[in-house]
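What follows is one structure encoded as structure tokens, with my remarks underneath.
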Amino acid sequence: MTRSCLRLHFLFVLLLYCVFASSVLKIDAVSGIAACSPDQIQALLQFKNEFDSRGCNSSDYFNGVRCDNMTGAVTKLQVPNGCLDGILKPNSTLFWLHQLRWLDLSHNNFTSSSLPSGFGNLNRLEVLDLSSNGFIGQVSSSISNLSMLTNLNISHNELIGSFPYVWNLTKLSFLDLSYNHFSGAIPSFLLSMPFLSYLELSENHFSGLVEVPNSSSSSRLES
Ligand SMILES: *[C@@H]1O[C@H](CO)[C@@H](O)[C@H](O)[C@H]1NC(C)=O
Ligand SMILES: *[C@@H]1O[C@H](CO)[C@@H](O)[C@H](O)[C@H]1NC(C)=O
Ligand SMILES: *[C@@H]1O[C@H](CO)[C@@H](O)[C@H](O)[C@H]1NC(C)=O
Ligand SMILES: *[C@@H]1O[C@H](CO)[C@@H](O)[C@H](O)[C@H]1NC(C)=O
Ligand SMILES: *[C@@H]1O[C@H](CO)[C@@H](O)[C@H](O)[C@H]1NC(C)=O
Ligand SMILES: *[C@@H]1O[C@H](CO)[C@@H](O)[C@H](O)[C@H]1NC(C)=O
Ligand SMILES: *[C@@H]1O[C@H](CO)[C@@H](O)[C@H](O)[C@H]1NC(C)=O
Ligand SMILES: *[C@@H]1O[C@H](CO)[C@@H](O)[C@H](O)[C@H]1NC(C)=O
């Protein structure tokens, strides 16, 4: 009698523990997207499904998502390394996420995609990291639309041509263009950008070398 009672008690505690543990795990898994509205979650899933995403599961993918807790709109998307494999199309669902402020797609495989001009629509972006993705072609001047941009990293791709004349990205603070095939003169407007504190141009085909007084700037200018 006592023994079965104990056993029952034990089972009950075990059951409670299981219920508790699974709800904690569930909350943990969705905490990143708890604030997201259903249509935004659907857009995020649709974006993932545009690619071969065997490199990551949904919980890994959604771990990098943050939404505005008032509007439910996606404000941050940090796709895990090696998650997405395929072509980033000009009509990708990504370009519906107009409230994005932070987008990190680095170390995925968009080999042979050119950089769609749709990035110009994401004009709330402050941080844009497209490094190490196999992007080809020229950088569209539509990025001059990204007036809030402080960090731009498009290093380690196969980008060619000259870097667009984005003189009006006045908040730009970090710019990494290294390890591409950019050519032409080093864009001199970069030197007069008010907040630019880190500039990496190495491993490209830029012509000429711009001398920067060592005392007045910490910029690295290499060709
Ligand atoms: C997702 O993948 C991570 C490792 O990348 C793993 O720890 C986790 O258990 C996986 N989750 C699911 C639901 O498969
Ligand atoms: C919404 O987020 C802000 C910061 O991003 C935070 O201060 C506030 O407490 C949050 N509100 C709710 C209801 O979670
Ligand atoms: C994008 O366009 C292609 C055709 O070029 C179409 O097959 C695809 O469904 C479209 N994707 C979206 C998200 O609209
Ligand atoms: C990246 O994609 C290209 C083209 O589809 C493919 O040839 C290559 O193997 C992929 N690389 C990796 C690391 O998956
Ligand atoms: C720039 O942003 C506006 C919305 O603010 C949009 O209508 C326009 O198409 C964008 N231009 C480019 C080149 O992306
Ligand atoms: C840009 O991305 C590359 C590769 O992901 C990384 O090594 C580099 O540190 C990044 N640059 C900046 C300024 O963060
Ligand atoms: C920067 O100038 C281009 C035209 O040169 C314009 O299309 C773009 O909207 C401007 N961006 C900002 C942030 O003013
Ligand atoms: C900067 O350059 C001047 C000569 O042009 C040199 O005397 C000085 O030591 C340099 N300062 C640093 C921090 O390298």
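Computed from a prediction, not measured in an experiment: that's the story for all the values here. Just so you know, ligand 1 is whichever comes first in the structure, and atom 1 is the first atom listed for that ligand.
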Worksheet item: Is there a side-chain contact between Phe47 and Leu84, using heavy atoms and a 4.5 Å cut-off?
Response: yes
Discussion item. Between Gln138 and Ile160, is the side chain to side chain contact (heavy atoms under 4.5 Å, CB included) condition met? List the steps.
Written reply: CA-CA 5 Å; Gln138 289 189 280; Ile160 60 165; 4.1 Å; yes
Discussion item. Could you tell me if the side chain of Val79 sits less than 4.5 Å from the side chain of Tyr61, heavy atoms only?
Written reply: yes
Worksheet item: Can you find a pair of side-chain heavy atoms, one from Asn168 and one from Ser147, that are under 4.5 Å apart?
Response: no
Practice prompt. For Ser131, take its heavy atoms, then give the atoms of ligand 6 lying under 4.0 Å from any of them.
Written response: 2 (O), 3 (C), 4 (C), 5 (O)
Discussion item. Less than 4.5 Å apart, side chain to side chain, heavy atoms only: is that true for Arg124 and His98?
Written reply: no
Practice prompt. Using a 4.0 Å heavy-atom threshold (strictly under), name the region of Ser106 that reaches ligand 6: side chain, backbone, both or neither.
Written response: neither
Worksheet item: Is there a donor-acceptor pair under 3.5 Å between the side chain of Gln40 and the backbone N or O of Val74?
Response: yes
Practice prompt. List every atom of ligand 6 that sits less than 4.0 Å from any heavy atom of Tyr198, numbering the atoms from 1 in the order shown and giving each element.
Written response: 13 (C)
Discussion item. With a 4.5 Å cut-off on side-chain heavy atoms, are Cys36 and Val65 touching?
Written reply: yes
Worksheet item: Any idea which atoms of ligand 6 are less than 4.0 Å away from a heavy-atom of Asn153?
Response: 1 (C), 2 (O), 3 (C), 8 (C), 10 (C), 11 (N), 12 (C), 14 (O)
Practice prompt. Tell me who clusters with Val127, hydrophobic residues only, linked when side chains sit under 4.5 Å apart either directly or through other members.
Written response: Trp102
Worksheet item: Under a 4.0 Å heavy-atom cut-off, what residues line ligand 4?
Response: Asp85, Asn109, Thr111
Worksheet item: For Asp176 and ligand 6, does the shortest N/O to N/O distance drop below 3.5 Å?
Response: yes
